[in-house]
Every structure is written in C-alpha cells, then in structure tokens.
Amino acid sequence: MSDPGSSPLTPVPAGAPLTGAHVVVVGGGMTGHRVAARLRAQDPEGEWTLTVIGEEPERPYDRVHLTNWFSGRDAELLSLDTAVWDDPRITLVTGDHVATLDRPEHTVTTDSGRVIGYDRLVLATGSWAWAPRAEGKELPGIFSYRTVGDMEALATWTAGRAEQLGRAPRGVVVGGGVLGLEAAAALQKLGAEATVVEFADRLMAVQLDQGGGEMLRLLAGDLGMSVRTGVGASAFRPAEDGAVGVAELSDGSEIDADVVIFSTGIRPRDRLAREAGLAIGERGGVVVGETCQTSDPDIWAVGECASYQGVCAGLIAPGNDMADVVVDRLLGGERTHHRGEDGTKLKSVGVDAAAFGDVNAVSPGALEVSSVDPVHRRYIKLVMSDDATTLLGGVFVGDIALYSRLRPLVGRELGADPSAVIAPEGGAALSDTALPDDAVVCSCNNVSAGTIREAVSEHECRTVGEIKTCTSAGTVCGSCVPTLTSLLHQQLEEEGIAVSHALCEHFELSRAELYQAIKEGGQTTFSEVVSAFGAGRGCAVCRPTVASILSTLGSTSGQLHSPVGEQLGSLQDTNDHVMANIQRNGTYSVIPRMPAGEVTPEQLLVFAQVAKDFGLYVKLNGAQRIGMFGARLDQLPEIWRRLVDAGFESGHAYGKSLRMVKSCVGSTWCRFGVQDSTGMAVALEKRYRGLRSPHKIKVGVSGCARECAEARGKDVGVIATNRGWNLYVGGNGGAQPAHAQLLVEDLDSDALVKCIDRYLMLYIQEADRLQRSARWLEERPGGIEELRRVIVDDTLGIGEELEAAMARHVETYVDEWAEVLEDPARLGRFVTFINAPEAPDPALAFAPERGQMRPATEDDEIAENDPREARRLALAAVNPMGEPVPTMQGGQDR
Amino acid sequence: MSTSPTAPQSTPDTAGTPEETPMSDGLIDVCSLEQLMPERGAGALVGERPVAVFRLADASVRAVQQLDPYCGANVISRGIVGSHDVTDEDGTVRTIPTLTSPMYKQVWDLDTGAVLDAAGKEDFPLAVHEAEVREGRVLVSPQPRAAGVPEPA
C-alpha cells in the first residue's frame, strides 16, 4: 500500500522544480491521461507545459470498461475527464505514434514526422495483446480485444458474417480469463454463439481456485456459453471465402469459428525504450524502481510498460499509483510506488466472480473455509492464517456481496468467525469490524479508509457523492462504493454527527420513514398525519411531501386521492395545485402528454389553434413534447377543455411524478431497430403516468444499441437487444449527470414491466424528498448488486407486493385535467381575483420576440398586458410585407 | 443588481372590477368564507390593489400584498400556508402562521408580513391588510398597515 492515509490532492508549494519545463507523455491511454490530470490538479498554477501523444484516434478513454462500448457504440461515452484537454498548458496529439526516442537530443519523433523536444519524458506506452503461435491466426475474422478500434471491427465483422451466413455466427474466444469472458459475453450481445477455449484447467485460472473456477463454469453454461478447458487453439482454417471458418484444438478436435477473439494475455510495449538503450526487464518492460524513474533520470515509465521488481502489472490500480508517483516526483515530492494486494472482479459478463489475496492457500499453515452451493450457484471461500484470525485471501463466485467489504482487510484480523461470515446473508457478522485507517478501500485511486473518514470528519462530507468529489474514491470501477457507504455511516455515528433526516421543523421522520408510518397508520389527511407524527400546520417542505405520499398510497392502495382534489389541494405547491408550471411572471405553461413523443396532425392543429387563440408562446421542450407558455390562471380550464376534447390529457410536466418516456422510432421505421421501442415507450408511459414520486421520473426506450433515445441518461433506461430488452436504472441528466447502470439483460416485455414496477415502487418507498433515483441508488447500501438481488432475485420477498401496488395505480388512474373540468367548485378557484373573475392580472406585460411573445422586462419599450397583442406585433415584425398576418384557416401560409 | 424587479405596469383592465361598498369601518367585502379553501389563498382586487387573502385552519383570515417583492409577480396567494414556532424573550412559544412564496420560496409571517426566511436575499416584508370574517363574509381593508408592524393588541 502506498502512502495510505494521504489526501489524494495535496497542493504543491509554489516555485516547484518543473517551472518552465516541457513534459512529454508517450501514450494516450489511461495512465497517460492520469499523469496529465494529476499534474494539472496538483499544480494548478504551475508554469510548465505538457504534451500527450497517443496513437489511437480517440481521446484517452476508459479501457477498463471497454466492453461498455457495446452499450452505446460511441467512444465518447468511454472518454476520461476531457476538461484536462482544455487546460492551455496541455496539448493532446491523437492518431500519431512515437517512432524514435533520441535521448542525447531530448526529442521524440513520430510516424508523421513531428519532432517534439522534452525536458522530462514519461513512457506510458502500455502493452500489446499477445497471442500464442497458431497456424492461420492472421486470417480475416480474428481479433484481439484491447482497443475501441478492436470493438468496432469486431462488431462490424460479426454483423456482416451473420448476414452472409444467414444464421448466428459461431464465435470462439481463445483465453478464459477475465477479459476472455468479457469478450465471450460481448460476442453473445452481438448475436453470436460463444465458445471459450482455455488452456488451463479452469476459467479465470490466475485469479480463482479450482472450486471457484468450477462454479464459474456452471454460471457461464447458464449464460449459454460453451467452455472447453485444458485445450489450446493450435490452428485456424479458412472457410471458402478465405475468412476464418474452423478452429483446430490441441486435443485434435475441431470447432466452427466464424469469428475469433484472442485474449491470451498482454506483453509490455518497450520497443522505444529498448532501442533507446534504456534498461529492460528480463521478462520485458522498462525497468523502474520505487520512484518510477528509468535508467535515464529524465525519463520515467508508468503502467503496463513499466517493469517494477521484475513484474509488469496489467491492472489500472498500480498504473494510477505510478502516475501519481511520477507527478509527485516531477513536482519535487518524495512519494514512492508500492504494489498492494489487488483483487480482481469480473465485469460486464452477467455473472459475478471476484477474488483477492492467496486464493490457493499456499501460505504456510493457511486454512480454507468455504461454502459451496451448486443449486444456488454460490461459491465462497476465505483463506485464513493458521490461527484462523488473519484474512489472507478470498474467492467469491455467484455472490460477491462480501468482496468489497473483505478485500481491504487482507493481511489483517477478520474480527469475526469466518464460517459465520460466509454463510448466506452472513455479512452482518462483520458489522463490528472496523477497517484500519491504512486499509486501501479504493484501489483504483489508492484511497484509504482513513482518507474517507477524514473526508467525513474534517471536510464535512455527508453523502457518498460528496466523498467521491472530495477524495476521488469510487470514481473508476465503482466496486468500493458499498464500502464507502458503510464507512460514511460508521464515521458519522462514531463522531456523534447526527445527520438529521428530519423532513423539516414539523416532522422528525425522514420521507421514507413517514411513508412507512402513513402506510401502516392509514391516515388520509394532513391533519391526521401531522397529529400522529408531527407538529404544527406544516410548511412548504412537508406539506407537498405528505401530499405526494398520500397520493401514491391512495392510488397504489386502490382508493383514489386525486393529488389536486379538495383533500390534498391545500398541501400542494402551486404547480401541482393548478396542474401547470408557474413561470417567472406568474403565468403558467401547459404541456399535454404526448406518449413517446407521438402526436397526430389533427391534435397538432388543435394545439396550434389554442396557442393562437390565447396568444401563447410555443416551444418544444427536452422531453419530446410541446409546451405553450404564458397562460393565466383563469385561462387554464378553457385551454384544457379544448385539449381534452382533442384527446390530450395532462402531461404531469408540473409534478414530482413520471414526466415522459422518450423513445426513438424503433424497428417500426428505423432500418437498424431490433424492437418496437415506440410501442414499448407508449405502454410504459401509459402505465406510470400520474404516479407521484419523491422527485420527477424520466424513462427512455431505445430500439437498438445505438441508443438514440439516450435511455441511459434516464431514471429508467430500456435498450432493445436481439433477444428482448436490457434494463438500466439510476441514470440522470441535469447538474450531476450519471449513466444508468445495467440491472438485468434480455428481458421479455412482461418481465421488463415487472422489473420496472418493482424498481419504481421501491424508489418511491425508500428515497428521500427530492432525491433523484441516481442519488438514491448511489446511497443505497450494496449498490446495484444489492438492488439486483431485491428486484430480480426478490430476496426480500416484496416483489409481488410492489407489483400489486403498481397494478392498483394503473387501475385507478384518471386524467387530472378532465377531472377538474367536471368539478364546478374547483373550477371556481381558477380565477386571478376571487371578487373579479373577469379581470386579468394588471401586472402582466408581454413583449414581442421572434414571431411570438415573451414576458416583458424593464428594458422593453413594448409591454402589452394582452399577450395576443404582443404576438400580433411580433408577427408583423417578422413579416416585412405587413398584414395579413398568417392565419390557420385558409390564410397565406408562410 | 436590482433585488426587487417589478414588471412594467400597464393600465389595469377594470372590466370586471366589483362594486365596492366599503363598510362603515372602511373594510371591503371580497367574498364569502366558503369560497376560500382552508389553508390556501386567493387573489382579490381591493380597491385597485391586488391583495392575497388566506383562510387559516381555524377559519380566521389574513390579507397581505399580492405582489411578491422578490419576483415582481402577483403570486403571493398561490404560496403554501403553514406554521412556525417562535420562542419569545420570556420563553413562551408562539405558533405563527406562515406563507411560502410559490416562486423563490421566501417565507413570511402572515400576521406581520415580516420575513422569516429570505432564502439568501435581502429582507422584503409584505404589506399587511386588516382582514376579518363577519357573518360569513370576508372583509379586507383597502389600505395596508405599515409593513412589518405587528397588529395592535
């Protein structure tokens, strides 16, 4: 562990030794990016310049999550923090490769002929994908799995092969390690069959023990992969068209191979250093010591190309640490590089497997404690010291809930009975075990438990999000986020820092607690709720919250509480109260529902006529629907009446509720679509419309992996696959964007709806007031994996209850606009002045702009009380010929 | 920067202005108590002045200026009515009625118009109008009391 406990971003004193120097980084991968980002963050005012030269055409991207490319097929989605490249001191060169290094001259020369001088040089050239000797391995259709370029070529080839063959291509992955399994899963996503060929006797042979490897074989089989262990690929033979067709295995057998991926390990890219005469390790790699300096004091090496103690590490954590060491040293620091105990976790495959430490119990006297359950596909083993107190290693297959808790404890006392810990749901046995301050929690960014605690106690972080921003923990692979959550809660408790979850001065309870209390207590009015659980007459925080809870409980228990009716009306913000969004001048916007963005021309005509007649401003919003703005309170019912008559209904654009379901046109129109995304989006929008929730909910449905509906930026994202739908949850746009995380794959339509029912109801029950689902999921103990257990595996046994609640909501839905139109008492309140129903608000003033009207400001010369007049002036202004102003019926169309 | 933007005024349309028949004490009848929703406000035109009238849970009424001084729009009646406990110097706790702006969430004392939470801005109190219920009718004074001055005991 290196520098445990140190804050990751310690500012450097001014006048650092790098002043005036030019640093060149050869290699535009993750560690090259890290050097640039780190130098910039650590020395924000420093007067140095830095050039990063990468040979790939993309800007540096997240290679750890390369497989995620298939979700969006957009390299930008994998981009690492691009703000680095906006720093005027930093230059990024992409698509050019450094050919030679001239140490005496202090220059590098690229393929394109650029000659770049350096004062300090950092080699971050990474590694190349090694493949064993095999006849025919140069045939078309054989790929490695290392770059975005590889992904693009693989996807194109597989799709083309499927079309030529008229069937699913047969894919072969040579190498059954972590990356090989990811590649096999990717092949399946591309519609190919996948066979994994592994020379060792088990999958993930480097990381897992025999038992774990066997369980993983069962799980891979469940996913439809074929697994062949103990054999290698000895030759490839072409099909008739010259591309690869058959793989010959070392046992003499043959398998069909329409597409092949080699994932058989990596080798350091050290040619540049070798040719320049730098010291090279016995097994390759540029030799560095704990300062990461090479045999030339002006040259440093980081990441997979660097050989430290004879080993080139192929993981991101040591690469990041080396980059940090180099930056620290360049700035005059004393930091040193050490290799920690790294764990490995399988990603993006659809099965869980993770391991750390001495998995094969080779330490003298080591004891193994295991729990094997082939029925539930669960294998857990802990390796303990001979006295059964110290944790030496762990293997987790099929259930990795304990992995992130236990990995930081390797080499330390477990503090609990290991057999109790590994029993199903046994994690509780660990609850009293405190992680030591120097235990590294986030190995990607090398952040220790002590740093996390410091963030809570000294930097006043109160949420996981704040901890992430403060320490950068949990921002790379995210596997430590559950540990961050529990550390946060422990530390707050320990310091007696009461994070008040009280809703406001009137309620001690949090929103989630109040929801459960009302659900059990059955109160139906604010007076009942406040006398049972609170005090006073409430405020602008608790009254709308109680209204939302009563509305959800009403609609999901089968009784109907219209959120705007007599009962709840006085609790609501003006938006929910009058079912429109208040604008800055006190007028409202009217946004009818257009499910999935569909609208008929006939409806559009009515919409346009209404907007014209009332002089309203019209704009498309970001949710695939149209809004009209500037309606007075007293005009709302008449506007709704005309819209409702044309088949529109409330779009709930004003509510903390489902807003809309965005979609692409899907397979109905699009030549790439694989499912009817619009049909699904309409169904989902109609199902969840009107549902009140802690914050607004947005949903997206994309008809193929191109993801044109941007579903992963939504609370619920649905992306079509060849076999059904993938469900993503917890996405968010706005101020704190988050990509939704994959919850479950390849669902049929019924199963998809069930999962979304459960997810939304759980969110509504548990989330804080105004907490979007992205933040809720981030704070929820156990993260996406625990959520998957609750939603998909139904470990809490609440699945049916959640679905039933949603079913009742669907049955009791009514359009709020139409409801008001039939209620004279409520209609009577839609007036500007209760004693002068016909009088408009004299303070309203509208100015003409771009053919429409808008609220006037103090600077406007024209300020009309009647919006129609402002609109008339605006139209005249854009129509140089003057009147006639275009009209709907038979007028001159412009 | 102006902290109290007001929209430019145009001539009020008096087409629907009600007959004003001030009572002997100068109060004007604006509506029946029944017309007001409990713990909700309504806009009223008192004289030529837009006023926000509120009916509290105990069926008493309050009236303040309708113009929200923070946004310059006539929207105060559309805020949320609530309560707030204050401890006086002698230690007694009083519960006062409050109103939260629907626009930028400032909070006022409905009895005095005083700002309780300016949401990070300067204090702009609301003008308070005398208001009372007499025989089921809601009566409001067309002239405000001085802003921020408590009701005489």
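Since the structure is predicted, the reported quantities are computational estimates derived from the model, not experimental observations. Per chain, numbering begins at 1; letters A, B, ... match sequence-line order.
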SG on A/C539 to CG on B/L99, rounded to 0.5 Å:
12.5 Å
Side chain, backbone, both or neither: which part of A/D573 has an atom under 4.5 Å from a heavy atom of chain B?
both
Which pair of non-hydrogen atoms, one from A/P544 and one from B/I80, has the smallest distance, and what is that distance?
CG-CD1, 3.5 Å
Value rounded to 0.5 Å, distance of CG in B/N74 from CG in A/L844:
7.5 Å
Just so I understand: if I count every heavy-atom pair under 4.5 Å between each of B/Q35, B/K105, B/H84 and chain A, which residue has the most?
B/H84
So B/M37 and A/H577, do their side chains get closer than 4.5 Å, heavy atoms only?
yes
A/N835 side-chain N/O to B/A44 backbone N/O, donor-acceptor pair under 3.5 Å
no
Can you tell me how far apart CZ (A/R829) and CZ (B/R40) are? Round to the nearest 0.5 Å.
10.0 Å
Okay, B/V51 and chain A: the region with an atom under 4.5 Å from a heavy atom over there is neither
Heavy atoms only: give me the nearest A/R584-B/A73 pair and the separation to one decimal.
O-CB, 4.0 Å
Checking A/I582 against chain B: side chain, backbone, both or neither under 4.5 Å from a heavy atom?
side chain
Which atoms of B/A57 are under 4.5 Å from chain A, going by heavy atoms: the side chain, the backbone, both sets, or neither?
side chain
Between OG of B/S83 and CZ of A/R543, what distance do you get to the nearest 0.5 Å?
8.5 Å
Rounded distance (nearest 0.5 Å) linking atom CZ of B/R78 with atom CD of A/Q572
16.0 Å
Nearest 0.5 Å, please: how far is OG in B/S77 from CZ in A/F833?
9.0 Å
Within a radius of less than 6.0 Å around CD of A/E508, do more than 12 heavy atoms belonging to other residues, nucleotides or ligands occur?
no
For A/R632, is the CZ atom crowded, meaning more than 12 foreign heavy atoms sit under 6.0 Å from it?
yes
Taking all non-hydrogen atoms of both residues, which atom of B/L45 and which atom of A/A839 are closest, and how far apart?
CD2-CB, 4.5 Å
Should A/R537 and B/D58 count as an ion pair when the cut-off is N to O under 4.0 Å?
no
Are the side chains of A/I834 and B/L36 in touch, meaning some heavy atoms are under 4.5 Å apart?
yes
